[in-house]
Amino acid sequence: MKKILFPLMAIAIFIAFYEQNREHPNKIITGLAIVIFMFGMMKLSAKTPSKNQDEDDEKI
(Lines give C-alpha, C1' and ligand atoms only; values in the text may rest on other atoms or scores of the structure.)
Protein backbone atom coordinates (compact mmCIF):
# COMPACT_ATOMS: atom_id res chain seq x y z
CA MET A 1 0.00 0.00 0.00
CA LYS A 2 2.89 2.33 0.81
CA LYS A 3 4.29 1.85 -2.68
CA ILE A 4 1.06 3.21 -4.14
CA LEU A 5 0.56 6.07 -1.68
CA PHE A 6 3.87 7.88 -2.24
CA PRO A 7 3.52 8.28 -6.03
CA LEU A 8 -0.19 9.07 -5.71
CA MET A 9 0.52 11.79 -3.15
CA ALA A 10 3.36 13.22 -5.24
CA ILE A 11 1.15 13.39 -8.32
CA ALA A 12 -1.70 14.98 -6.34
CA ILE A 13 0.49 17.73 -4.86
CA PHE A 14 2.08 18.36 -8.27
CA ILE A 15 -1.37 18.80 -9.82
CA ALA A 16 -2.41 21.15 -6.99
CA PHE A 17 0.66 23.36 -7.48
CA TYR A 18 0.32 23.24 -11.26
CA GLU A 19 -3.29 24.39 -11.08
CA GLN A 20 -2.35 27.31 -8.86
CA ASN A 21 0.18 28.54 -11.44
CA ARG A 22 -2.39 28.71 -14.24
CA GLU A 23 -4.11 31.97 -15.14
CA HIS A 24 -7.54 30.64 -14.09
CA PRO A 25 -7.02 27.79 -11.61
CA ASN A 26 -9.81 25.27 -11.26
CA LYS A 27 -10.73 25.17 -7.57
CA ILE A 28 -12.36 21.75 -7.82
CA ILE A 29 -9.23 20.09 -9.22
CA THR A 30 -7.05 21.82 -6.63
CA GLY A 31 -9.41 20.79 -3.83
CA LEU A 32 -9.52 17.17 -4.96
CA ALA A 33 -5.72 17.04 -5.20
CA ILE A 34 -5.39 18.38 -1.66
CA VAL A 35 -7.99 15.89 -0.37
CA ILE A 36 -6.08 13.01 -1.99
CA PHE A 37 -2.82 14.26 -0.49
CA MET A 38 -4.32 14.60 3.00
CA PHE A 39 -5.93 11.15 2.76
CA GLY A 40 -2.53 9.68 1.90
CA MET A 41 -0.89 11.50 4.80
CA MET A 42 -3.58 10.20 7.13
CA LYS A 43 -2.99 6.62 5.98
CA LEU A 44 0.78 6.93 6.36
CA SER A 45 0.67 8.61 9.76
CA ALA A 46 -1.77 6.03 11.14
CA LYS A 47 1.05 3.48 11.10
CA THR A 48 3.41 5.70 13.11
CA PRO A 49 3.47 4.69 16.78
CA SER A 50 2.50 7.25 19.37
CA LYS A 51 5.25 9.10 21.21
CA ASN A 52 3.45 8.44 24.51
CA GLN A 53 2.77 4.76 23.85
CA ASP A 54 4.89 3.62 26.82
CA GLU A 55 3.02 5.92 29.18
CA ASP A 56 -0.33 4.63 27.92
CA ASP A 57 0.73 1.02 28.52
CA GLU A 58 1.76 1.78 32.13
CA LYS A 59 -1.64 3.33 32.98
CA ILE A 60 -3.52 0.13 32.17
Side-chain angles (χ1 to χ4, degrees):
M1 184 72 169
K2 226 162 109 173
K3 294 179 183 179
I4 296 172
L5 282 178
F6 282 127
L8 185 66
M9 289 171 44
I11 291 169
I13 206 67
F14 174 77
I15 290 171
F17 281 131
Y18 178 76
E19 279 293 317
Q20 288 301 310
N21 288 331
R22 293 178 67 192
E23 188 174 334
H24 300 289
N26 190 339
K27 292 181 175 99
I28 295 173
I29 293 174
T30 304
L32 287 175
I34 296 298
V35 167
I36 291 169
F37 179 77
M38 294 304 289
F39 179 75
M41 287 299 293
M42 181 184 69
K43 287 289 190 180
L44 288 175
S45 67
K47 296 179 182 183
T48 306
S50 174
K51 186 166 66 169
N52 301 326
Q53 187 175 8
D54 294 334
E55 294 173 10
D56 292 340
D57 292 341
E58 291 174 2
K59 290 180 183 177
I60 295 177

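As the structure is a prediction and not an experimental result, all values here were calculated from the model. Just so it is clear, the values below take in all heavy atoms, side chains as well, and ignore hydrogens, waters and symmetry mates.
I11 and F6 end up in different hydrophobic clusters when Ile, Leu, Val, Met, Phe, Trp and Tyr side chains are linked at under 4.5 Å.
Pairs of residues two or more places apart, or lying in two chains, never qualify as salt bridge (Lys or Arg N to Asp or Glu O under 4.0 Å) while including a residue from residues 28-37. Contacts classified as salt bridge (Lys or Arg N to Asp or Glu O under 4.0 Å) and involving residues 21-45 (residues at least two apart or in different chains) are given here: E19-R22.
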Side-chain donor-acceptor distances from residues 28-41 under 3.5 Å, at least two apart:
residue, atom, partner, partner atom, Å
T30, OG1, Q20, NE2, 3.4
T30, OG1, N26, O, 3.0

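The hydrophobic cluster around F14 extends to none of the other residues, as no ILVMFWY side-chain heavy atom falls under 4.5 Å of it.
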